[in-house]
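Each ligand, and each atom within it, is numbered from 1 in the order the structure gives.
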Amino acid sequence: MAARASAAPLIDAGFPELKSRIIERTGHFYYQDKDDLLWERVRKRLRATGLPDSIQYLNLLNDAISGPVEWGKLETEITIGETFFFRYAEQFAALRDTILPELIERKSATRRLRIWSAGCSTGAEPYSLAILVNEILGESLETWRVSIVGTDINDSFLNLARQARFGKWALRSMPAGERERYFLSAGKDQWQVRPQFRSLVRFEKHNLLSLLDGTSPLEFTDFDLILCRNVLIYFHPDTVIRIVEALRDRLAERGWMLLGHAEPNPAFSAMMQTLNLPGTVAYRSGSKEETSAIPSFEQLKLPLRDPAPLLPAPKPVERAKRQVPPRPATISPKAPLSPAAPQAPDALLDEVKAQANSGDFAAADALCRKALAVQPLNASLHFYHGLILQALRRPDEAENSFLKSIYLDKSFAMAHYHLGLLLLAERRSGPGRRALTNAARIAAAMPDDRLLDEADGLTALELRNLVRIHLEAAMPSKRRR
Ligand SMILES: C[S@@+](CC[C@H](N)C(=O)[O-])C[C@H]1O[C@@H](n2cnc3c(N)ncnc32)[C@H](O)[C@@H]1O
């Protein structure tokens, strides 16, 4: 034991200051309580630079000439870049069915589309957008000026992104047929994005925190669509709000924003218009009061459950070759629930979700009760009932519903999670923290990339991170570091 302890050098005296500089510069509050992890990464840079300790290293970072280069290397070391094509199918469905068609119609006069993928990692997100835009516009793409910019703080991710070459893991959500259409084979298990998609995207280094200190370049403005997904999860909740506000200010009039699964934050809805789409929430620039101007879910007539490919059906010439199955008819949220004609559990659930998405929570509550009369042991229905009751500001009943869903399925991580959030909001800190810890414990027993049930694409790792952030925020201030 003693030999092992001496083999791993202890964190040195200058480390706390170095850590706070790193968090200040990158926003990575994630490392606040992860000294060992950050130290391990810093030590790699100490070894690479031949410097003996954190103080000397901080001097290097502060150096006017060598500092910026070393910051780049350190940022590369400490950032986490998990990404893949068409991540979060629900958001790409919303882009395909609602957001991009709305933009294309509204901008048909100027034929100019500006899109920003902020925190793009190795590029799967902006290239997915390029593929989608290309598929939707078809041949008329030639008459449009489409610019998609992917930005990141990590230089090596950006270099990889520019190469546009991906392995199996980044393409894991894409059927082989789609892969052939969008990529060229580039050797063993490697695929290169085809030039027609690649040419729509460019990459630039950009630190999101520069939006807060006024150093962010002014050309990062006037965007029709901004995606900033799975980046803010590493930041302090206060920083998250400031960045989302700054991103909103970089949107064009009536521009759209999609965020990742950082917890649904009421502050976002207060600063932007909010549109509930199936399985996700989208934001638009404009005051909250204007929300009523946004078409409702029903007006948009979106499909509820769409087993058809995520991408639009190919252009007519190609359609004959590909034989895409027709889309299933939209399930009417108003269709009556009939115990005499039992529906699949998913169909019942979809009806409830659709009603909730329409914003009519009273009707969603009534529908959910009817559905529960048919399927009283459906844990997911109880879970959604909890969410609906919460929206109706009936916390006691919501708590009861979450407890029922947990009773029916003890390993239902999202039910524990939402119960925890509800209890914390009710200032019941002890039980709230316990419920969140249960959610994290369940997620910890799963592989990091496992998609959780009823979690809109959230992975086990992401849930654990969210729980950590909530627990940190719920900690009495004197115990917070
Ligand atoms: C988990 S990846 C998400 C990639 C992509 N948005 C997605 O959802 O698939 C997070 C990315 O955010 C980047 N990032 C972290 N802090 C950043 C900052 N302060 N400014 C810009 N990018 C940052 C990381 O380098 C990393 O590539």
Side-chain angles (χ1 to χ4, degrees), residues 21-32 34 38 41 68 71-92 94-95 115-132 148-162 166 169-174 201 203-213 215-217 220 225-236 238-240 242-244 246-247 250 257-262 280 448-449 451 455-466 469:
R21 283 279 283 121
I22 292 172
I23 294 176
E24 185 190 23
R25 166 140 176 156
T26 63
H28 281 223
F29 185 70
Y30 167 79
Y31 286 112
Q32 180 68 18
K34 292 186 175 53
L38 184 58
R41 290 171 183 179
W71 267 118
K73 292 180 177 160
L74 179 61
E75 284 155 1
T76 291
E77 200 60 63
I78 64 168
T79 42
I80 298 155
E82 164 65 359
T83 189
F84 55 94
F85 276 79
F86 296 104
R87 184 179 197 179
Y88 296 151
E90 292 86 347
Q91 289 197 331
F92 276 92
L95 285 163
I115 300 177
W116 182 9
S117 162
C120 66
S121 187
T122 49
E125 184 175 277
Y127 286 127
S128 299
L129 288 164
I131 291 170
L132 198 54
I148 301 174
V149 59
T151 63
D152 204 281
I153 194 174
N154 182 321
D155 288 312
S156 72
F157 289 163
L158 289 168
N159 286 336
L160 287 169
R162 288 186 189 105
F166 295 88
W169 187 238
L171 302 182
R172 62 186 179 270
S173 68
M174 195 178 287
V201 186
F203 293 94
E204 275 186 45
K205 181 160 179 156
H206 180 270
N207 181 347
L208 281 165
L209 286 203
S210 68
L211 289 165
L212 304 184
D213 63 15
T215 58
S216 173
F220 284 102
L225 168 65
I226 297 178
L227 270 73
C228 184
R229 309 184 313 154
N230 310 304
V231 182
L232 303 174
I233 195 170
Y234 302 109
F235 292 12
H236 187 281
D238 295 344
T239 314
V240 171
R242 291 171 61 215
I243 289 182
V244 170
L247 287 172
R250 301 296 176 116
M257 192 188 308
L258 284 179
L259 300 170
H261 292 270
T280 192
D448 284 352
D449 62 351
L451 293 175
D456 186 18
L458 195 74
T459 63
L461 174 64
E462 287 164 341
L463 180 67
R464 293 210 307 275
N465 285 334
L466 277 178
I469 290 167

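- With a heavy-atom cut-off of 4.0 Å, Thr79 touches ligand 1 through its side chain alone.
- Close approach to Ser121 involves these atoms of ligand 1, each under 4.0 Å from a residue heavy atom: 4 (C), 27 (O).
- Annotation for ligand 1: atoms under 4.0 Å from non-hydrogen atoms of His28 are 15 (C), 16 (N).
- In this structure, atom 4 (C) of ligand 1 lies nearest to the protein heavy atom Gly119 O, 3.3 Å.
- Closest to atom 21 (C) of ligand 1, if we only count protein heavy atoms, is His206 O, 3.3 Å.
- Of all protein heavy atoms, the one closest to atom 7 (C) of ligand 1 is Arg87 NH1, 3.3 Å.
- Looking only at heavy atoms of the protein, atom 20 (N) of ligand 1 is closest to Leu208 N, 2.9 Å.
- Ranking the protein heavy atoms by distance from atom 9 (O) of ligand 1 puts Thr83 OG1, 2.6 Å first.
- Residue-level proximity to ligand 1 for Glu125 is carried by the side chain, the only part with a heavy atom below 4.0 angstrom.
- Here the heavy atom of the protein found nearest to atom 8 (O) of ligand 1 is Asn230 ND2, 2.6 Å.
- Relative to atom 24 (C) of ligand 1, the option among Asn154, Leu211, Asp152, Ile243 with the closest non-hydrogen atom is Asp152.
- Between Arg87 atom CZ and Ser128 atom OG the span is 11.0 Å, to the nearest 0.5 Å.
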Q.
ring pair (Phe, Tyr, Trp, His ring centres under 6.0 Å), that's the test. Do Tyr127 and Phe86 meet it? Break it down for me.
A. CA-CA 9 Å; Tyr127 286 127; Phe86 296 104; over 10 Å; no
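- Residues Ser117 and Glu125 bring a donor and an acceptor atom of their side chains to less than 3.5 Å of each other.
- Residue-ligand proximity: Phe235 is placed with a non-hydrogen atom under 4.0 Å from ligand 1.
- More than 12 heavy atoms of other shown residues, nucleotides or ligands fall within 6.0 angstrom of atom NZ in Lys205.
- Every atom of ligand 1 is numbered from 1 in the order shown, and the set under 4.0 Å from a heavy atom of Asn207 is 18 (C), 19 (N), 20 (N).
- Residues that satisfy the ring-ring contact (aromatic ring centres under 6.0 Å, His included) test with Phe84, not counting sequence neighbours, are absent from this structure.
- Nearest to atom 22 (N) of ligand 1 among the protein's heavy atoms is Ile153 N, 3.4 Å.
- Phe85 pairs by the ring-ring contact (aromatic ring centres under 6.0 Å, His included) definition with Phe166, Phe183, not counting sequence neighbours.
- At a 4.0 Å heavy-atom cut-off, ligand 1 touches Ile80 through the backbone alone.
- Annotation: Phe235 is not in aromatic contact with Phe29 [ring centroid separation under 6.0 Å not met].
- Nearest non-hydrogen protein atom to atom 3 (C) of ligand 1 is Arg229 O, 3.6 Å.
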